[in-house]
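Taking it in order: structure first as structure tokens, then the write-up.
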Amino acid sequence: TVLLVLRGGCTFVRKVQVAQEQGADAVVIVDEDLSGRMSADIQNTIMTDDGLGENISIPSMMISRSEGEKLIGAAKSGKVVVELDWDIPRGEVVRADFWMSAGSGENTGFLERFKDCAAALRFHLQFVPHYHIFQMWHTDGAETPSSHYGHLCAQRIDDCSDCIVEPGMYCAPDPDGPGPITGGDVVNEDLRQLCLWNTTVETRKFAPAASIVTVQAYDLGSYSKQFWDYVVQFREDCPLGGDGEDQRFGYKCSLQAMRKVGVDAELVHHCVRSSYRQFLEDQIHHTAWSSQALRLNGWRYSGPLDPETVLKAICSGYTKPVPVECEQLLSGYRAVAWSGFGHLGFGSLVFLSFGMVLVFTLLFKLYRRHVAICVRKTIREEVMLEVQSQMADYVPFEDSSCGRASSVGRHPLSF
């Protein structure tokens, strides 16, 4: 049973939770009556988790009002058979929205490992970074930020004396607990990376194939070499536990990392000073179902954050013909186990094979010798036990010639 419900009145999670309790197998949510959003807009709408969705096990999706009207009309006329398809929507360009935090080692580690894939795909991929920034509200219910979470929230914007930051307004997870790095430091680094991306990103238009129905006139690919170079350099040069401000996660180390990779730091700082509120507010209002999340062409990716697995999912989102870079990259992953042999000539391979056979033969002979020694030792011990058992039953007898008991058998046998 697929339950058709209208948006509004309560959260997405609550609607799906009630539907699951009533025995529904899936839920289709129809958008609000006056929203005006089309199918393409709905794909960019995130059905966020309100924190109570961990027990939901049935799938759900949202459709536009115009699509919903057709389903509602058909349902009123009789039984409707609906097929739900969860495949990644396809296009000339795959859009990858990635929610992360600059203070998360798992997130930055993935970016470091995925950098080469992004460089190879370039404008075939529309990578869009998002950052996990939130607000801390008063516990008394007042709709104003709280100032009681100094280790999580930004107190200032780095290198911007004119930037006004209300207490509790822009917060991020504290990456090192009692360590020197705070959530406010993460907020500032998130902001710098957002500005770096927006000031250095290049875009390219792709005309869609004639067979693809789309509301856009083109697909837009985006790539920033400086962004990828910087996030990897910053991760390497500015660890959370570094010695001194110029070698630790923060503003000074960020400046050095920018210089190393050729980023115009002044351009980034101008963006921070002029657009900090716009960018941070945008991160707060455009959240995902988790602080770490990946969407591909509007489709929720639920696999491991592994470069090869993510690459496979991305490549499955292209219309045919799939970019040749996909096959090249995937072939490289498949051949990684044999990468050490790829540079060897035929003679070297023959010599290496002969050496391996020789080593295995020697190991086999040593094993056989070890087994033979163990068998001989076991047999000898069993014979000794048998002889001692027989000797235990021996009874001494009298020697008539000497008038005393014979001493035969009193001394143990030796081998």
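This one's a predicted model, so the numbers in the text were calculated from it and none came from an experiment.
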Open item on the list: My understanding is that only residues two or more places apart in sequence, or in another chain, count here; which of them pass disulfide bond (SG atoms under 2.5 Å apart) with Cys10?
Closed with: none
Task: Contacts of type salt bridge (charged side-chain N to carboxylate O under 4.0 Å, His left out), residue Glu245, not counting sequence neighbours - done: Lys252
TODO: Applying ring pair (Phe, Tyr, Trp, His ring centres under 6.0 Å), name anything that partners Phe227, two or more places apart in sequence or on another chain.
DONE: Trp197
Task: salt bridge (charged side-chain N to carboxylate O under 4.0 Å, His left out) pairs, two or more places apart, involving residues 358-375 - done: none
Open item on the list: Run the ring pair (Phe, Tyr, Trp, His ring centres under 6.0 Å) test against Phe110 and tell me which residues pass, sequence neighbours left out.
Closed with: Phe98, Phe114
Donor-acceptor list for residues 189-196 side chains, cut-off 3.5 Å, not counting sequence neighbours:
residue : atom : partner : partner atom : Å
Glu189  : OE1  : Arg192  : NE           : 3.1
Glu189  : OE1  : Arg192  : NH2          : 2.9
Glu189  : OE1  : Tyr230  : OH           : 3.4
Glu189  : OE2  : Gln193  : NE2          : 3.0
Glu189  : OE2  : Tyr230  : OH           : 2.8
Asp190  : OD1  : Ala102  : N            : 3.0
Arg192  : NE   : Ser254  : OG           : 3.2
Arg192  : NH1  : Asp158  : OD2          : 3.0
Gln193  : OE1  : Tyr131  : OH           : 2.6

Open item on the list: Suppose the criterion is salt bridge (charged side-chain N to carboxylate O under 4.0 Å, His left out): which pairs have a residue in residues 276-289, not counting sequence neighbours?
Closed with: Glu166-Arg277
TODO: Answer with yes or no after comparing the ring centroid distance for Phe249 and Phe234 against a 6.0 Å cut-off, counting only values under it.
DONE: yes
- [ ] Only pairs at least two apart or in different chains count here, so list each salt bridge (charged side-chain N to carboxylate O under 4.0 Å, His left out) that has a residue in residues 113-131.
- [x] Lys115-Asp229
Open item on the list: If the condition is salt bridge (charged side-chain N to carboxylate O under 4.0 Å, His left out), which residues does Glu202 pass it with, not counting sequence neighbours?
Closed with: none
- [ ] Hey, could you give me each pair passing ring pair (Phe, Tyr, Trp, His ring centres under 6.0 Å) that has a residue in residues 255-282? Not counting sequence neighbours.
- [x] Tyr251-His269
Task: Contacts of Cys326 that satisfy disulfide bond (SG atoms under 2.5 Å apart) - sequence neighbours left out - done: Cys315
- [ ] Any disulfide bond (SG atoms under 2.5 Å apart) involving residues 92-121? Give me the pairs, sequence neighbours left out, ordered by first then second residue.
- [x] none
